Amino acid sequence: MTHAKRIVAIIVAAGTGVRAGGSVPKQFALIAGRPMIAHSHEAFATHPAIAETLVVVAEGQQGLATAALGDAPTLVGGATRRESVSIGLAAVGDATHVLIHDAARPFLSHAVIDSLVAALKTRDAAIPVLPVIDTLARGSVLLGGIVPRADLNRVQTPQAFAVEALRAAHAVWPADEEATDDAQMVRRLGVGVALVQGSAMLEKVTHPEDFAAAEARIAYETRTAMGFDVHRLETGEELWLGGVLIPHDKGLSGHSDADVALHALTDALLGTIAAGDIGTHFPPSDPQWKGADSAQFLQHAAKLIADKRGRIDFVDLTIMCEAPKIGPHRAAMTARIADLLGLTLDRVSVKATTTERLGFTGRGEGIAAQAVATIRLPGSPL
């Protein structure tokens, strides 16, 4: 056979996922903040050997696929997995090789793809496997004989094939017989299937409890950063603190609404992803931010974290001023910040202190705020 020239990946995602429960099919349910299917799709889309990635979904799931993957090419599959793979094969064009992958195995690594691509240089088929390490025994009620586990393997996906070999296998497979995977189909034709090292990260997500196990397989990095801001108090200005308008004889002066509390929180969140400070994203020299609601600054920082698949775990805010008294407004601030960040109330801390009449805050010239934010960023299985 010739060396691989054009490899196309096909993600089979046409199932209903009823065993997993939930309001959407499991392949579109969230794992580590992203639809399950998005994880393996990214692995293929970012691998230099994969020319194109096709996704096969069920009729009526096109909207879910677009929401999860944007404008990635999608096909409507058949009633069975075998039919869906056949539909994908018909759409690969001039591809010489294909990788067939189950969407229910989200954490696909580049290392597994590398091994499969290497195997295709000398074989027409290759699959990733893991050795069976548990003792195997027969029996339903009482323990029966032990099954020798030497040479037994757990079969995973993606499975790699020369296009001609897989098409031939599908062409002669009996219509009334279902195959659990494509490897057994080509093997029945006499095609040798090479075994490459699989990955524990490729465990299949099937039942509701599997989602928690999948989350646990993602390595999260915890990051904490601090933000600090100061604004001057002036007569004739409104006083916005923590997203709440507070009655007072003076307000904070600034280019936006000068909400010193939300500014400090914004800087803390930006700091967790090393994204500069609030002035980097919303320069005070830009007239469009004159009088702007600082809530949008905070939500912008939160979105940047979400775009990195991060999660905000906790924010802590300390407001420093002699007046007004923060206590009567603390609950409203907590609720507003929690709402803006999509957090529960117990993940938002709002405190206040004075500086014992020392410094500019003690003299009533301004208000300062200090914030600390803690987030988690998922590690990459690539």
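Both backbone and side-chain heavy atoms feed into the values below; hydrogens, waters and symmetry mates do not. Given the structure is predicted, the values throughout are model-derived calculations rather than measurements.
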Side-chain touch [X]/[Y], heavy atoms, less than 4.5 angstrom:
| X | Y | value |
| --- | --- | --- |
| Leu245 | Glu238 | yes |
| Phe28 | Met36 | no |
| Val55 | Thr74 | yes |
| Met185 | Arg82 | yes |
| Val348 | Leu341 | no |
| Leu75 | Val57 | no |
| Ile37 | Leu69 | yes |
| Val85 | Ile10 | no |

- prompt: Could you go step by step and tell me if Asp316 and Ser349 meet the side-chain hydrogen bond (donor to acceptor under 3.5 Å, both in side chains) rule?
  reply: CA-CA 5 Å; Asp316 179 73; Ser349 169; 2.7 Å; yes
Do [X] side-chain atoms and [Y] backbone N/O form a donor-acceptor pair below 3.5 Å?
| X | Y | result |
| --- | --- | --- |
| Lys308 | Ile273 | no |
| Asp267 | Ala264 | no |
| Asp102 | Arg105 | no |
| Arg223 | Arg376 | no |
| His231 | Ser253 | yes |
| Glu322 | Arg357 | yes |
| Asp339 | Ala335 | no |
| Ser256 | Asp293 | no |
| Gln159 | Ile100 | no |
| Asn153 | Val155 | no |

Will you find, in the side chains of [X] and [Y], an N or O donor that is under 3.5 Å from an N or O acceptor?
| X | Y | value |
| --- | --- | --- |
| Lys351 | Thr318 | yes |
| Asp114 | His47 | yes |
| Thr53 | His41 | no |
| Thr374 | Asp313 | no |
| His300 | Thr266 | no |

task: Just say parallel, tilted or perpendicular for the rings of Trp289 and Phe282, cut-offs at 30° and 60°.
output: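 Ring orientation, 0 to 90° scale: perpendicular.
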May I ask you to decide whether [X] forms a salt bridge with [Y], counting only side-chain N to carboxylate O separations under 4.0 Å?
| X | Y | answer |
| --- | --- | --- |
| Arg188 | Glu177 | yes |
| Lys250 | Glu234 | no |
| Arg6 | Asp94 | yes |
| Glu215 | Arg311 | yes |
| Glu203 | Arg154 | yes |
| Arg81 | Asp182 | yes |

- request: Starting from the C-alpha separation in whole Å, work towards a yes-or-no answer on side-chain hydrogen bond (donor to acceptor under 3.5 Å, both in side chains) for Thr180 and Gln184.
  value: CA-CA 8 Å; Thr180 58; Gln184 63 171 297; 2.6 Å; yes
Which atom pair, heavy atoms only, marks the closest approach of [X] to [Y]?
| X | Y | value |
| --- | --- | --- |
| Arg34 | His39 | CB-NE2, 3.8 Å |
| Val350 | Met333 | CG1-SD, 4.1 Å |
| Ala368 | Thr361 | N-CG2, 4.0 Å |
| Ala275 | His281 | O-NE2, 2.7 Å |
| Leu108 | Leu202 | CA-CD2, 3.8 Å |
| Ala162 | His97 | CA-CD2, 3.6 Å |

message: Between Phe360 and Val230, is the side chain to side chain contact (heavy atoms under 4.5 Å, CB included) condition met? List the steps.
response: CA-CA 10 Å; Phe360 70 92; Val230 172; 3.5 Å; yes
To the nearest 0.5 Å, what is the distance between [atom1] ([X]) and [atom2] ([Y])?
| X | Y | atom1 | atom2 | result |
| --- | --- | --- | --- | --- |
| Leu269 | Ile278 | CG | CD1 | 10.5 Å |
| Leu252 | His263 | CG | NE2 | 9.5 Å |
| Lys26 | Ile31 | NZ | CD1 | 10.0 Å |
| Leu265 | Leu340 | CG | CG | 9.5 Å |
| Gln299 | Leu304 | CD | CG | 12.0 Å |
| Gln370 | Ile319 | CD | CD1 | 12.0 Å |

Going only through I, L, V, M, F, W and Y residues with side-chain contacts under 4.5 Å, is there a path from [X] to [Y]?
| X | Y | result |
| --- | --- | --- |
| Val186 | Val12 | yes |
| Val112 | Ile11 | yes |
| Leu136 | Ile133 | no |
| Leu343 | Leu298 | yes |
| Leu317 | Ile246 | yes |

Among Val129, Ile127, Asp124, the one residue meeting side chain to side chain contact (heavy atoms under 4.5 Å, CB included) with Val193: Ile127
Are more than 12 heavy atoms from other residues, nucleotides or ligands located less than 6.0 Å from atom [atom1] of [X]?
| X | atom1 | result |
| --- | --- | --- |
| Asp307 | CG | yes |
| Leu358 | CG | yes |
| Arg330 | CZ | no |

message: Using the rule given for side chain to side chain contact (heavy atoms under 4.5 Å, CB included), can you reason through Ile7 versus Leu99, listing the C-alpha separation, both sets of side-chain angles and the distance that settles it, and then say yes or no?
response: CA-CA 7 Å; Ile7 304 174; Leu99 268 61; 3.6 Å; yes
- request: Output, in order, the C-alpha distance, side-chain angles, deciding distance and verdict of side chain to side chain contact (heavy atoms under 4.5 Å, CB included) for Val8 and Ile50.
  value: CA-CA 6 Å; Val8 171; Ile50 306 301; over 6 Å; no
Verdict with reasoning, Ser285 to His255, per side-chain hydrogen bond (donor to acceptor under 3.5 Å, both in side chains): CA-CA 8 Å; Ser285 57; His255 192 61; over 6 Å; no
